[in-house]
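Heads up, the thing below is written out as structure tokens.
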2 protein chains.
Amino acid sequence: MPVTVLLVDDEPLVRAGLRAVLEAQPDIEVVGEAADGAGVIPLVRQLRPDVVAMDVRMPLLDGIEATRAVLRTVDAPPKILVITTFENDEYVYEALRAGADGFLLKRARPAEIVHAVRLVAEGESLLFPASVRQLAAQYGDEGGNRAARAVMERARLTEREAEVLRLMARGLSNAEIAARLVVGTETVKSHVSSVLAKLGARDRTQAVIAAYESGFVAPG
Amino acid sequence: MPVTVLLVDDEPLVRAGLRAVLEAQPDIEVVGEAADGAGVIPLVRQLRPDVVAMDVRMPLLDGIEATRAVLRTVDAPPKILVITTFENDEYVYEALRAGADGFLLKRARPAEIVHAVRLVAEGESLLFPASVRQLAAQYGDEGGNRAARAVMERARLTEREAEVLRLMARGLSNAEIAARLVVGTETVKSHVSSVLAKLGARDRTQAVIAAYESGFVAPG
DNA sequence: ACCGGCCTCCCCCGGGCGGGGGAGACGATC
DNA sequence: GATCGTCTCCCCCGCCCGGGGGAGGCCGGT
């Protein structure tokens with residue numbers, strides 16, 4: 001069963017681009033399009049897509065309100081992937097707070113876009129880039145624990161995964177983490193892979209960066 | 001089982017001070033002393049300490065050569081903690097490159113010294129300890145650039161190397177850095193290797209950690 | 001009793017990474 | 001002119017890393 005996607009963007013060009021990229025994948029199917037947030041809810045009810053790729057900046061009803069509306073009124077709601085042009089778009093964080101599951105840069109490479117859709121479809125959050133940092137800032141970062149907890153909640157890291165991430169952020173290799181936790185290296189690799197997937201990181205370096213940027217670990 | 005330590009320093013006063021500080025800990029035991037690097041190897045073979053606290057500047061055989069010698073000739077070698085007087089002692093980085101596991105400032109507070117010994121005993125590298133952060137704090141961190149420059153001076157990174165480190169700290173791979181800087185990947189690898197050597201980092205992840213911990217790059 | 005999440009470990013496999021060399025070009029310095 | 005440092009690129013090589021699978025045990029919720 002393919003992943004079904006609903007595209008919501010006011011620019012036809014963007015919709016066409018996303019459609020082209022996503023339809024090229026055998027396991028992804030674009031089941032519908034909308035030009036603004038107002039028409040999303042009936043479409044979601046009708047098409048029941050797995051994922052809604054939604055622009056934040058739209059006329060009539062923006063992506064944030066649309067996200068809230070969908071999550072509030074539809075049961076078994078789809079995963080919502082926020083589309084944005086700018087990395088530091090403040091609306092993105094609004095959207096994430098509104099319950100979106102991840103975000104997507106328009107200038108991302110096709111492979112990344114496809115990857116993002118698959119990830120959120122599988123139920124994982126996509127948080128990696130600069131966005132998480134802002135999330136931390138929102139919480140005021142008093143003691144840094146709030147931010148860490150917020151990341152935990154969003155990324156839904158398990159206890160073990162969080163533990164592994166902390167050790168990764170101290171520069172330990174898989175073998176060293178394994179020794180520290182008294183488990184096999186294969187086990188550590190498994191946890192590391194989960195962490196990378198949940199954070200949307202490509203390698204351990206990016207995961208550690210995310211850990212610092214989010215306040216999950218603090219310098220000093 | 002306590003952590004066993006061998007002290008190697010040409011100044012008796014320093015040895016006495018270290019012994020006093022370390023012996024005060026129930027879990028740390030000073031098992032021997034040496035006044036120069038020449039006598040280290042037999043002592044290590046005989047005493048098999050967990051950690052060797054070794055001065056860099058010593059007569060006969062300096063800490064760098066002694067470190068190399070120990071790591072080359074002894075199997076299951078101890079962790080080596082380099083002792084230095086000056087924060088910007090160029091020999092320290094030589095020693096780290098030679099395989100030392102961390103460094104220690106003579107004027108560090110007792111608690112920090114104890115902490116350092118425990119950390120390396122646990123198998124962790126001590127590359128950018130509190131001293132560097134304090135250095136950053138001294139500069140007031142106005143804009144963070146001063147701290148970054150201070151780290152540059154410490155590690156003596158060239159402009160290009162610093163540039164590469166910044167990109168590494170943004171999660172870019174060697175190929176991506178190469179594309180960004182419009183050079184070959186081999187060139188990037190060369191710079192990365194230099195950065196790792198100068199920072200005493202084992203891999204790019206540790207280098208990025210060092211960048212964050214030192215204030216060379218700042219979260220948020 | 002069943003199912004799902006978590007933790008644990010295993011396989012194969014490709015590719016990026018890092019070490020260890022070397023080398024040429026350029027500019028600054030001596 | 002000679003030397004040194006920097007930047008550039010090249011080689012070989014081993015290994016850790018990460019992806020993609022799968023699988024069993026444990027526990028808690030339904």
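All figures in this text were calculated on a predicted structure; none of them were measured in a lab. Heavy atoms only: backbone and side chains are in, while hydrogens, waters and symmetry mates are out. Here is how names work: the chains are called A, B, and so on, in the same order as the sequence lines, proteins then strands, and each is numbered from 1.
The existence of a salt bridge linking B:Arg204 and A:Asp203 is excluded, since no basic side-chain nitrogen approaches an acidic carboxylate oxygen closer than 4.0 Å. In this structure, B:Arg170 does not pair ionically with B:Glu176, as no charged nitrogen and carboxylate oxygen lie closer than 4.0 Å.
In this structure, CE of A:Met168 is placed 11 Å from C1' of D:dG18, rounded to the nearest angstrom. Rounded to whole Å, atom C1' of C:dG18 lies 13 Å from atom CD1 of B:Ile177. With rounding to whole Å, A:Leu196 atom CG is found 14 Å from D:dG20 atom C1'. The interatomic distance linking A:Arg202 (CZ) with C:dG15 (P) rounds to 15 Å, in whole Å. Rounded to whole Å, atom P of D:dC16 lies 17 Å from atom CG of A:Asp203. When rounded to the nearest whole Å, the span between CD of A:Gln206 and P of D:dG18 equals 10 Å. Between A:Leu167 atom CG and D:dC17 atom P the separation is 13 Å, expressed in whole Å.
The only member of A:Val192, A:Leu172, A:Val188, A:Asn174 that meets side-chain contact (heavy atoms from CB on, under 4.5 Å) when paired with A:Leu167 is A:Leu172.
A stem is defined here as three or more consecutive Watson-Crick or G-U pairs, each with both distances under 3.5 Å; for DNA chain D these stems are C:1-14 with D:17-30, C:16-30 with D:1-15.
An OP1 or OP2 oxygen of C:dG18 is reached within less than 4.0 angstrom by a side-chain nitrogen or oxygen of B:Arg204. An OP1 or OP2 oxygen of C:dG16 is reached within less than 4.0 angstrom by no side-chain nitrogen or oxygen of B:Asn174.
Within the 3.5 Å criterion, the main-chain N or O of B:Lys189 finds a donor-acceptor partner in the side chain of B:Ser193. Between the B:Glu161 side chain and the B:Leu157 main chain, no donor and acceptor come within less than 3.5 Å of each other.
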Between the protein and nucleotides 6-13 of chain C, list the N/O to N/O atom pairs that are separated by less than 3.5 angstrom.
residue, atom, partner, partner atom, Å
C:dC7, OP1, A:Arg160, N, 3.1
C:dC7, OP2, A:Thr158, OG1, 2.6
C:dT8, OP1, A:Arg160, NE, 3.4
C:dT8, OP1, A:Arg160, NH2, 2.8
C:dT8, OP2, A:Arg160, NE, 3.0
C:dT8, OP2, A:His191, NE2, 2.8
C:dC9, OP2, A:Gly184, N, 2.4
C:dC9, OP2, A:Thr187, OG1, 2.4
C:dC9, O5', A:Thr187, OG1, 3.2
C:dC11, N4, A:Glu186, OE1, 3.4

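The shortest non-hydrogen separation linking A:Ile83 to A:Asp55 is O-OD1, 3.0 Å.
The NE2 atom of A:His191 sits 9.0 Å away from the CD atom of A:Glu163 when rounded to the nearest 0.5 Å. Distance CZ/B:Arg45 to CG/B:Leu47: 12.5 Å, rounded to 0.5 Å. Note that OG1 of A:Thr158 is 10.5 Å distant from CG of A:Leu165, once rounded to the nearest 0.5 Å.
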